[in-house]
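Data first, discussion second: the structure below is written as structure tokens.
Below, each value reflects all heavy atoms present in this structure, side chains not excepted, and no hydrogens, waters or symmetry copies. Values in this document were obtained by computation on a predicted structure and should not be read as measured data.
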Amino acid sequence: FLKKDPQKVTEGDFLLYAIACGWFSSMAYVHHPLLSPDAPDIPHTIMKDFTDSTEKIRLGSYPSEAFAVGSRVENFEPLAVDPEVPLELVSGNDFKTADAFDFVYLTRSPRYTPESADDLIPIIREYIQVES
């Protein structure tokens, strides 16, 4: 990812931090229905074998040269590799489950959504049943 301060976790990459910490054993990514399956908004550099078709996240630790301008991380051998995390991509129109979840996380992305979208958060909460 290219961002102003690569040392900071942002709303665009907080899940990578959680995955790297081992907090997830699998993930269902419910995306916008108009997102093309041929162009998911998940970078191929975090996927097993650097391909979107694997449906497994595999984070690796790479030498700093792998992130230099003009370099491609996939051309470097990882120094270490984290356990794979199965990833299921599901359109928001198709998502249904009777499975229990440990976490339900609705992201609020000020850089990507208008402030008026915040008014939808209480409405969305009504559709997410969480038992304590």
Side-chain angles (χ1 to χ4, degrees):
F1 304 121
L2 297 176
K3 54 186 179 177
K4 292 180 184 175
D5 188 345
Q7 302 300 315
K8 292 184 178 178
V9 177
T10 69
E11 70 272 7
D13 55 16
F14 68 95
L15 285 174
L16 286 179
Y17 179 81
I19 292 167
C21 288
W23 297 344
F24 293 101
S25 58
S26 66
M27 181 181 294
Y29 179 61
V30 182
H31 59 79
H32 191 281
L34 297 180
L35 180 69
S36 167
D38 298 326
D41 58 353
I42 299 171
H44 74 281
T45 53
I46 69 165
M47 302 303 290
K48 180 180 179 183
D49 300 326
F50 302 107
T51 160
D52 300 327
S53 63
T54 63
E55 298 179 355
K56 291 185 187 288
I57 295 172
R58 191 188 91 174
L59 302 180
S61 175
Y62 293 88
S64 58
E65 306 86 59
F67 302 100
V69 175
S71 291
R72 295 181 56 92
V73 70
E74 50 266 50
N75 293 334
F76 290 81
E77 286 296 318
L79 304 171
V81 177
D82 290 349
E84 295 173 3
V85 175
L87 174 67
E88 179 184 8
L89 297 174
V90 184
S91 167
N93 287 341
D94 299 330
F95 181 73
K96 291 183 174 92
T97 185
D99 294 339
F101 284 85
D102 294 323
F103 300 96
V104 175
Y105 195 88
L106 171 66
T107 58
R108 179 184 175 274
S109 302
R111 289 193 298 168
Y112 305 106
T113 57
E115 192 172 320
S116 60
D118 291 354
D119 294 339
L120 296 174
I121 293 173
I123 296 167
I124 294 168
R125 274 194 192 127
E126 292 178 20
Y127 290 89
I128 300 173
Q129 181 181 5
V130 179
E131 298 176 9
S132 44

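- With values rounded to the nearest 0.5 angstrom, Ile46 atom CD1 is found 12.0 Å from Arg58 atom CZ.
- Atom OG of residue Ser26 and atom NZ of residue Lys56 lie 10.0 Å apart, to the nearest 0.5 angstrom.
- In this structure, CG in Asp49 is found 11.5 Å from NE2 in His44, a value given to the nearest 0.5 Å.
- Shortest non-hydrogen contact noted between Phe76 and Tyr62 is O-CE2, 3.4 Å.
- Note that CD of Glu126 is 10.5 Å distant from CD1 of Ile124, once rounded to the nearest 0.5 Å.
- Here the closest non-hydrogen pair linking Ser25 and Pro86 is O-CD, 3.1 Å.
- A side chain to side chain contact (heavy atoms under 4.5 Å, CB included) with Glu115 holds for exactly one of Asp119, Asp118, Thr113; it is Asp118.
- A continuous path of ILVMFWY side-chain contacts below 4.5 Å connects Leu89 to Met27, so both sit in one hydrophobic cluster.
- A single hydrophobic cluster is not seen to contain both Ile57 and Phe50; linkage of ILVMFWY side chains at heavy-atom distances under 4.5 Å, directly or through other members, places them apart.
- Shown here for Ser71 and Ala66, the closest heavy-atom pair between the two residues is CB-O, 3.6 Å.
- In this structure, CD on Glu55 lies 12.5 Å from CD on Glu84, to the nearest 0.5 angstrom.
- Using a 4.5 Å heavy-atom threshold, the side chains of Leu87 and Val85 count as separate.
- For the residue pair Gly92 and Val30, the shortest heavy atom distance occurs at CA-CG1, 3.6 Å.
- Put simply, the side chain of Leu59 reaches to within 4.5 Å of the side chain of Leu16, judged on heavy atoms.
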